[in-house]
Undergrad: 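Take a look at the following structure, please.
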There are 2 protein chains.
Amino acid sequence: METVTLIISTVEFAKALADETRQKIMALCCCELVSVNDLVDKLDVAQPTVSHHLKILKNAGLVKSERRGKQVFYTLDQESLARGCCQVAEDFAPNQPVKMVISVPE
Amino acid sequence: METVTLIISTVEFAKALADETRQKIMALCCCELVSVNDLVDKLDVAQPTVSHHLKILKNAGLVKSERRGKQVFYTLDQESLARGCCQVAEDFAPNQPVKMVISVPE
DNA sequence: TGGACGTATAGATAAACATCAATTTGACAC
DNA sequence: GTGTCAAATTGATGTTTATCTATACGTCCA
């Protein structure tokens with residue numbers, strides 16, 4: 001699993017989120033591996049458009065990808081997303097703290 | 001203080017954040033009241049541009065405004081911002097919970 | 001009621017961006 | 001190698017958006 005954990009600015013983070021199609025993609029690959037074709041089937045945009053959005057999400061460090069044979073599977077990096085959300089809150093809402101809930105492994 | 005607490009989608013929320021000038025404005029009015037002219041002085045964009053961005057932030061429920069005489073003062077609604085961040089995390093990172101830290105008044 | 005000041009709106013323009021069709025690249029099977 | 005399928009890239013197009021200038025609106029004071 002090639003993990004590209006870029007450190008991006010809050011502007012880049014927000015821009016990556018600021019599109020309906022990308023948010024649909026994020027919801028679809030939030031908790032599982034999905035191929036590009038899976039996404040194309042579930043969205044009403046063409047395959048190159050899906051690839052375009054996946055590239056933006058990947059550059060923002062919000063998805064990870066993994067090739068399996070002819071297919072490439074994507075999944076959302078929930079930790080990166082959560083860190084981005086916390087960073088935005090920390091930067092702009094210092095009086096209204098937002099924290100990641102760390103689940104301590106037993 | 002006219003509070004416009006709109007319930008907006010995560011897409012609208014992200015779009016409101018997705019601009020460098022708006023993030024600068026948010027930082028400047030994060031913890032205090034600032035007039036439009038204050039913002040114009042501290043940013044290198046024209047006054048109508050500042051007003052334009054303030055309108056977008058206001059429509060997103062992220063700033064509150066208050067007229068005092070000839071001036072209009074804006075301030076960031078930190079709670080709305082924090083709620084937006086939590087909503088994004090909740091929607092897309094359910095396995096990586098992010099919570100607002102509620103400070104209990106004594 | 002003017003004028004001055006601060007802010008908002010209207011209209012124009014250029015840059016950014018989402019989308020698509022066409023093509024290329026990559027991986028596998030024969 | 002050749003064909004096939006999956007995904008990425010290229011190039012074009014229309015829309016969105018950030019910005020500006022010019023103007024209108026709102027408030028206060030003389």
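To find a chain, count down the sequence lines: A is the first, B the second, and so on, and within it residues start at 1. Since the structure is predicted, the reported quantities are computational estimates derived from the model, not experimental observations.
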Undergrad: What is the separation between atom NE2 on A:H52 and atom P on C:dT23, rounded to the nearest whole Å?
TA: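 Atom-to-atom, A:H52 to C:dT23, this comes out as 21 Å.
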
Undergrad: If only side-chain N and O atoms of A:T21 are considered, is one of them under 4.0 Å from the OP1 or OP2 phosphate oxygen of C:dT19?
TA: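 So the side chain of A:T21 is within the cut-off, an N or O lying under 4.0 Å from OP1 or OP2 of C:dT19.
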
Undergrad: When you get a sec, tell me which of C:dT9, D:dA18, D:dT10 is the closest nucleotide to the side chain of B:S51?
TA: C:dT9

Undergrad: Can you tell me if A:Y74 touches the phosphate of D:dA8, counting only side-chain N or O atoms and a distance under 4.0 Å to OP1 or OP2?
TA: yes

Undergrad: Rounded to whole Å, how long is the line connecting atom CG of B:L43 with atom C1' of D:dC20?
TA: 15 Å

Undergrad: What's the CZ-C1' distance between B:F73 and C:dA8, to the nearest Å?
TA: 16 Å

Undergrad: If you measure from the Lys or Arg side-chain nitrogens to the Asp or Glu carboxylate oxygens, is any gap between A:E66 and A:K64 under 4.0 Å?
TA: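 A:K64 and A:E66: not salt-bridged.
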
Undergrad: Roughly, in whole Å, what's the span from CG in B:L39 to P in C:dA8?
TA: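 Distance check: B:L39 CG to C:dA8 P gives 10 Å.
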
Undergrad: Just the rounded figure in Å: distance from C1' of C:dA8 to CD1 of B:I25.
TA: 14 Å

Undergrad: Please confirm whether the shortest side-chain N or O distance from A:R68 to OP1 or OP2 of C:dC28 is below 4.0 Å.
TA: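 Checking C:dC28 against A:R68, no side-chain N or O comes under 4.0 Å of OP1 or OP2.
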
Undergrad: Mind calculating the distance between NZ (A:K55) and C1' (D:dT10) to the nearest angstrom?
TA: 10 Å

Undergrad: Rounded to whole Å, how long is the line connecting atom CD of A:Q47 with atom P of C:dT19?
TA: 14 Å

Undergrad: Can you measure from CE (B:M26) to OG1 (B:T21) and round to the nearest 0.5 angstrom?
TA: 10.5 Å

Undergrad: What nucleotide among D:dA8, C:dT7, C:dC17 has an atom nearest to a side-chain atom of A:K15?
TA: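 Shortest atom-to-atom distance from the side chain points to C:dC17.
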
Undergrad: If hydrophobic clusters are built by linking Ile, Leu, Val, Met, Phe, Trp and Tyr wherever their side-chain heavy atoms come under 4.5 Å apart, do A:I56 and B:V88 end up in the same one?
TA: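 No, separate clusters.
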
Undergrad: Any side-chain heavy-atom pair from A:Q78 and A:C30 closer than 4.5 angstrom?
TA: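 Side-chain contact under 4.5 Å: yes.
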
Undergrad: On DNA chain D, nearest-nucleotide positions of B:H53 versus A:V72: which is more 5'?
TA: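 Result of the comparison: A:V72.
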
Undergrad: Ignoring backbone atoms, test whether B:N37 places a side-chain nitrogen or oxygen under 4.0 Å from the OP1 or OP2 oxygen of C:dT7.
TA: yes

Undergrad: Side-chain donor or acceptor of A:Q71 under 3.5 Å from a matching atom on the base of C:dA27?
TA: no

Undergrad: Do any side-chain nitrogens or oxygens of A:T49 fall under 4.0 Å of OP1 or OP2 in C:dC20?
TA: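 So the side chain of A:T49 is within the cut-off, an N or O lying under 4.0 Å from OP1 or OP2 of C:dC20.
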
Undergrad: Calculate the interatomic distance between A:L57 atom CG and C:dC17 atom P; express it in whole Å.
TA: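 Going from CG in A:L57 over to P in C:dC17 covers 14 Å.
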
Undergrad: Do A:D91 and A:Q87 get their side chains close enough for a donor-acceptor pair, meaning under 3.5 Å?
TA: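 There is such a pair (donor and acceptor under 3.5 Å, judged by atom type) between the side chains of A:D91 and A:Q87.
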
Undergrad: For A:K70 and for A:D44, locate the closest nucleotide of DNA chain C by heavy-atom distance; then report the residue assigned to the nucleotide nearer the 5' terminus.
TA: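 Final value for this comparison: A:D44.
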
Undergrad: Below 4.0 angstrom from OP1 or OP2 of D:dA6, is there any side-chain N or O of A:R67?
TA: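 Answer is no, no contact under 4.0 Å.
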
